[in-house]
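See below for the structure under consideration.
Throughout, a chain's letter reflects where its sequence line sits, starting with A, and its residues are numbered from 1.
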Amino acid sequence: MTELPELRHTAAHVLAYAVQDLFPDAKPTIGPAIENGFYYDFDRAVPFTPEDMEKLEARMREIVAADYEMTGREVTRAEAIESFRDNPYKVEMAREIPQGQPITLYSIGEFTDLCRGGHAHRTGEIGAFKLQSVAGAYWRGDEKKPMLQRIYGTAWHTQAELDAYLQQLEEALRRDHRKLGAELDLFSIEEAAGGGLVFWHPKGAIVRGIIEDFIREGLRERGYLPVITPHVVSERLFETSGHLENFAQNMFGPLEVEEQRYRLKPMNCPGHILIYKSRLRSYRDLPLRYSEFGTVYRFERSGVLHGLTRVRGFTTDDGHLFLRPDQLQREFEQALDEALRLLRAFKFDDFFCYLSTREPLLRGATDDAAEAAIRAALESSKLSYTLDEGGGAFYGPKLDINVRDAIGRVWQLGTVQVDFTLPERFDLTYRGNDGHEHRPVMIHRALAGSMERFFGILIEHFAGAFPAWLAPVQAVVVPISEHQAAYAHEAAAQLRGAGFRVEVDESNEKLGYKIRHWKTQKVPYILVAGKQEVADSTLNVNARGVEEKRTLTVASFIEELRSAVLSLS
RNA sequence: GCCGUUGUAGCUCAGUGGUAGAGCACGCCCUUGGUAAGGGCGAGGCCACGGGUUCAAUCCCCGUCAACGGCUCCA
């Protein structure tokens with residue numbers, strides 16, 4: 001059977017064929033297979049309309065039904081350039097194919113494309129496909145180059161697979177944190193305040209508080225010290241740190257106050273460094289571990305903002321470690337360990353890491369030592385990782401932790417980075433046991449990444465149905481009629497007294513309506529109080545995801561909820 | 001920022017060159033109920049904003065802003 005990438009690549013050719021037929025003015029450029037589908041970029045003066053897409057899809061169906069054979073032949077560079085002389089993109093590609101590599105043309109029916117190959121044998125092998133969207137895309141991803149029109153599609157062996165994929169897309173839509181955020185009243189982004197700035201509503205803020213408490217608890221156990229640093233500081237600080245030089249395009253512009261320029265901080269590290277520098281440090285002080293839920297502001301171009309996952313103001317669960325070089329491995333291990341504890345608690349059990357090392361030009365002996373320490377830490381944590389040699393890490397080697405969520409999407413969360421640069425820039429020292437000054441190493445680490453993004457991912461991961469320990473409302477007491485209202489309040493008071501987040505639903509509605517309401521609000525426990533329950537001092541427990549209803553005394557429900565919360569379920 | 005799409009009630013969306021509608025949500029009333037929607041009434045709109053065309057613009061044209069889907073980048 002044809003592999004999916006080959007089938008999708010073929011589908012891209014079919015699309016280009018259809019475009020050639022229906023819109024001969026469009027110049028095909030490149031059209032690869034991608035995850036779940038394919039795209040093809042065209043240069044065309046007039047944009048494709050939704051109606052164009054329908055026509056293209058219909059024409060593609062004919063091409064697939066015609067079951068053309070995919071035939072390839074090798075040509076010389078000159079022949080390739082000649083046959084695409086009206087298409088500068090193809091000519092550019094033909095020119096750039098390295099010497100010695102075969103140049104091939106592939107044809108289906110009346111359509112021939114410059115292509116390295118990897119196709120289905122016949123167009124009929126494309127079992128099911130669908131065009132999805134049109135979008136602008138720069139030629140070769142370079143915004144200085146012409147904007148092309150990219151048509152996205154998806155293709156599968158069978159209709160059933162296509163349907164399953166489309167259903168998965170719907171599921172993702174259903175879980176979209178922007179949608180659930182509004183429905184569950186968790187957060188909003190307000191036009192009146194500006195894009196990319198998050199307003200946490202009470203229910204969202206409650207969840208965030210629980211997450212923060214959880215993280216703080218772990219940090220306390222691991223010897224982190226809390227610090228709190230200003231949001232706006234003199235620009236000079238970022239000159240020293242190098243942010244103005246390297247990160248300025250991501251920073252908000254300067255604020256002028258009494259002829260001094262100030263900046264919103266884009267990172268917390270310079271502030272933490274100032275605390276380190278505020279007095280002399282001894283080797284005995286190290287490792288020194290500072291942590292802060294530090295709110296930072298970064299300028300992002302308006303087009304990239306997205307819900308909670310891409311914002312302009314966010315709070316990192318930041319931490320900076322100041323270390324002797326010999327402490328690097330142990331501390332790195334600890335940071336990893338803490339990251340895994342966090343991820344497991346939030347029911348992520350599929351994660352993997354990318355280790356990016358410093359660009360070769362910047363590498364020194366310290367890098368090798370740090371890299372060895374990180375690798376050793378990774379081995380001992382039994383974490384699988386992919387190495388990204390020279391992967392752009394500027395300060396030192398860096399480890400990114402990615403998770404796969406409940407519907408298979410991958411997110412980057414935490415990061416642990418070794419930094420040799422800032423200690424130099426700020427001339428950080430500690431007094432060694434030899435009486436001399438030494439240079440500490442820094443680790444930057446954020447485990448959840450940012451509270452905003454982490455929350456957004458959690459919403460989607462749980463589809464808004466937070467486990468009881470996280471749920472902003474853990475239980476609702478629902479009196480069947482107003483005769484049970486007093487009892488409902490009494491029960492709720494007991495539950496609150498036991499430390500739980502509980503509401504009472506006194507609305508003038510029938511039971512079925514209230515049940516439906518709280519089910520859609522994804523509250524873990526709905527506690528029904530009718531005549532019978534009042535008489536017996538019990539509650540009828542309707543637990544989320546559990547068909548069977550049980551009648552429990554208030555005390556035994558408290559026990560049950562308590563153990564659910566303690567086990568983080 | 002760039003390309004495309006969209007902007008009508010709190011939300012989801014109809015609609016028309018002659019100043020606007022539904023469902024849900026909201027308020028009041030009736031109802032006092034047994035596990036996913038009981039009934040009635042009511043309130044709610046600078047039809048995103050600014051220009052233009054027209055006797056007349058929510059509708060047509062231009063611009064701006066915002067959201068959404070991408071490109072690029074990242075927590």
Side-chain angles (χ1 to χ4, degrees), chain A residues 39 41 44 46-50 52-53 132-152 173 176 178-179 182-183 185 188-192 194-196 247 249-250 266-268 294-296 298-318 392 400-401 411-415 417 444-457 478-485 507-521 526-533 540-544 546-549 551:
Chain A
Y39 68 78
D41 285 347
R44 181 172 182 240
V46 195
F48 292 105
T49 64
D52 293 343
M53 301 276 281
Q132 295 173 293
S133 59
V134 205
Y138 300 105
W139 169 237
R140 305 217 143 156
D142 182 342
E143 57 185 285
K144 288 177 202 72
K145 298 201 163 130
M147 171 73 66
L148 308 172
Q149 291 188 63
R150 175 170 299 179
I151 298 180
Y152 281 94
L173 221 56
D176 191 313
R178 294 166 300 179
K179 183 171 178 291
E183 284 173 8
D185 197 16
S188 60
I189 289 166
E190 298 292 333
E191 202 175 310
F247 205 68
Q249 75 283 7
N250 284 300
M267 291 189 191
N268 299 300
T295 302
V296 297
R298 296 187 191 170
F299 170 71
E300 299 286 356
R301 296 194 285 181
S302 54
V304 308
L305 300 175
H306 181 91
L308 292 178
T309 56
R310 193 75 169 141
V311 293
R312 285 180 173 159
F314 57 97
T315 301
T316 54
D317 61 325
D318 215 347
D400 289 322
I401 302 166
W411 302 93
Q412 198 215 305
L413 290 176
T415 173
Q417 279 177 250
H444 307 248
R445 39 106 293 170
L447 307 181
S450 86
M451 301 313 292
E452 284 74 9
R453 167 182 273 184
F454 190 65
F455 186 42
I457 294 167
V478 178
I480 290 181
S481 80
E482 64 192 40
H483 303 300
Q484 292 86 36
S507 62
N508 180 16
E509 299 290 350
K510 287 196 177 180
L511 183 60
Y513 182 95
K514 298 193 204 184
I515 297 280
R516 179 185 141 83
H517 174 75
W518 294 107
K519 289 280 182 194
T520 59
Q521 286 292 303
I526 300 170
L527 308 171
V528 176
K531 255 186 215 148
Q532 200 54 54
E533 288 74 18
N540 186 259
V541 180
N542 182 333
R544 190 177 59 207
V546 180
E547 201 42 52
E548 181 204 357
K549 317 293 185 273
T551 300

Given RNA chain B, 5'-ward residue of the pair A/Arg150 and A/Met147, judged by closest heavy atom =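 Its nearest nucleotide lies further toward 5', so the answer is A/Met147.
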
Between A/Ser481 and A/Arg310, name the one whose nearest nucleotide on RNA chain B is closer to the 5' end.
->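 Of the two residues, A/Ser481 wins.
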
Please work out if [X] contacts a base, only the sugar-phosphate, or nothing of the nucleic acid, heavy-atom cut-off 4.0 Å.
X	result
A/Gly303	base
A/Gly195	sugar-phosphate
A/Asn250	nothing
A/Gln132	nothing
A/Glu533	base
A/Arg301	base
A/Val311	base
A/His483	sugar-phosphate
A/Tyr152	sugar-phosphate
A/Leu148	nothing
A/Gly530	base
A/Lys514	nothing
A/Asp142	nothing

So which heavy atom on A/Gln521 is nearest to which on A/Glu183, and how close?
->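 Here A/Gln521 and A/Glu183 meet closest at NE2-O, 3.1 Å.
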
What's the shortest heavy-atom distance between A/Phe454 and A/Leu413, and which atoms?
->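 Looking at all heavy atoms of both residues, the closest pair is CD1-CD2, 3.9 Å.
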
In the strands shown, is [N] matched to any nucleotide by a Watson-Crick or G-U wobble pair with both distances under 3.5 Å, and which?
N	value
B/C60	B/G52
B/G21	B/C13
B/U32	none
B/A43	none
B/G69	B/C3

[X] has an atom [atom1]; how far is it from atom [atom2] of [N], in whole Å?
X	N	atom1	atom2	answer
A/Leu173	B/G69	CG	C1'	12 Å
A/Arg516	B/A36	CZ	P	11 Å
A/Leu305	B/A66	CG	P	10 Å
A/Glu509	B/G27	CD	C1'	12 Å
A/Lys510	B/U35	NZ	C1'	13 Å
A/Arg140	B/C73	CZ	C1'	20 Å
A/Trp139	B/C71	CH2	P	16 Å
A/Met53	B/G70	CE	P	13 Å

Atom [atom1] in [X], atom [atom2] in [Y]: separation rounded to 0.5 Å?
X	Y	atom1	atom2	result
A/Met147	A/Gln149	CE	CD	9.5 Å
A/Ile457	A/Leu308	CD1	CG	9.5 Å
A/Ile515	A/Thr520	CD1	OG1	11.5 Å
A/Tyr152	A/Asp41	OH	CG	7.5 Å
A/Lys519	A/Arg544	NZ	CZ	9.0 Å

On a whole-Å scale, what distance lies between the [atom1] atoms belonging to [N] and [M]?
N	M	atom1	value
B/G40	B/G7	P	32 Å
B/G50	B/G18	C1'	24 Å
B/G42	B/C60	P	33 Å
B/C28	B/G21	C1'	23 Å
B/C2	B/C73	C1'	14 Å
B/A56	B/C65	P	29 Å
B/U16	B/U53	P	26 Å
B/G39	B/A25	P	11 Å

Please tell me which of the listed nucleotides, [options], lies nearest to the side chain of [X]?
X	options	result
A/Thr520	B/U35, B/A36, B/C71	B/A36
A/Ile515	B/A75, B/A36, B/C71	B/A36
A/Asn542	B/U35, B/U72, B/G33	B/U35

With distance as the sole criterion, do the side chain of [X] and the base of [N] form a donor-acceptor contact below 3.5 Å?
X	N	answer
A/Tyr39	B/G70	no
A/Asn508	B/U32	no
A/Gln521	B/A36	no
A/Tyr138	B/C2	yes
A/Arg453	B/A75	no

State which residue, out of A/His306, A/Arg310, A/Arg312, fulfils the side chain to side chain donor-acceptor pair (under 3.5 Å) condition with A/Glu300.
->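 When side chain to side chain donor-acceptor pair (under 3.5 Å) is applied between A/Glu300 and each of A/His306, A/Arg310, A/Arg312, only A/Arg310 qualifies.
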
Would you indicate, yes or no, if [N] has its OP1 or OP2 atom less than 4.0 angstrom from a side-chain nitrogen or oxygen of [X]?
X	N	result
A/Gln412	B/A75	yes
A/Arg178	B/C68	yes
A/Tyr513	B/U31	no
A/Ser302	B/G1	yes
A/His306	B/G69	yes

B/A75 base stacked by A/Phe314? Criteria: ring centres under 5.5 Å, plane angle under 30°.
->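 Stacked: centres under 5.5 Å apart, planes under 30°.
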
Please check if the side chain of A/Asn540 supplies one atom and the backbone of A/Val528 the other of a donor-acceptor pair under 3.5 Å.
->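 Between the backbone of A/Val528 and the side chain of A/Asn540 there is no qualifying donor-acceptor contact (under 3.5 Å).
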
Is A/Asp176 salt-bridged to A/Arg178, cutoff N-O under 4.0 Å?
->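 Counted as a salt bridge, because a side-chain N and a carboxylate O are separated by less than 4.0 Å.
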
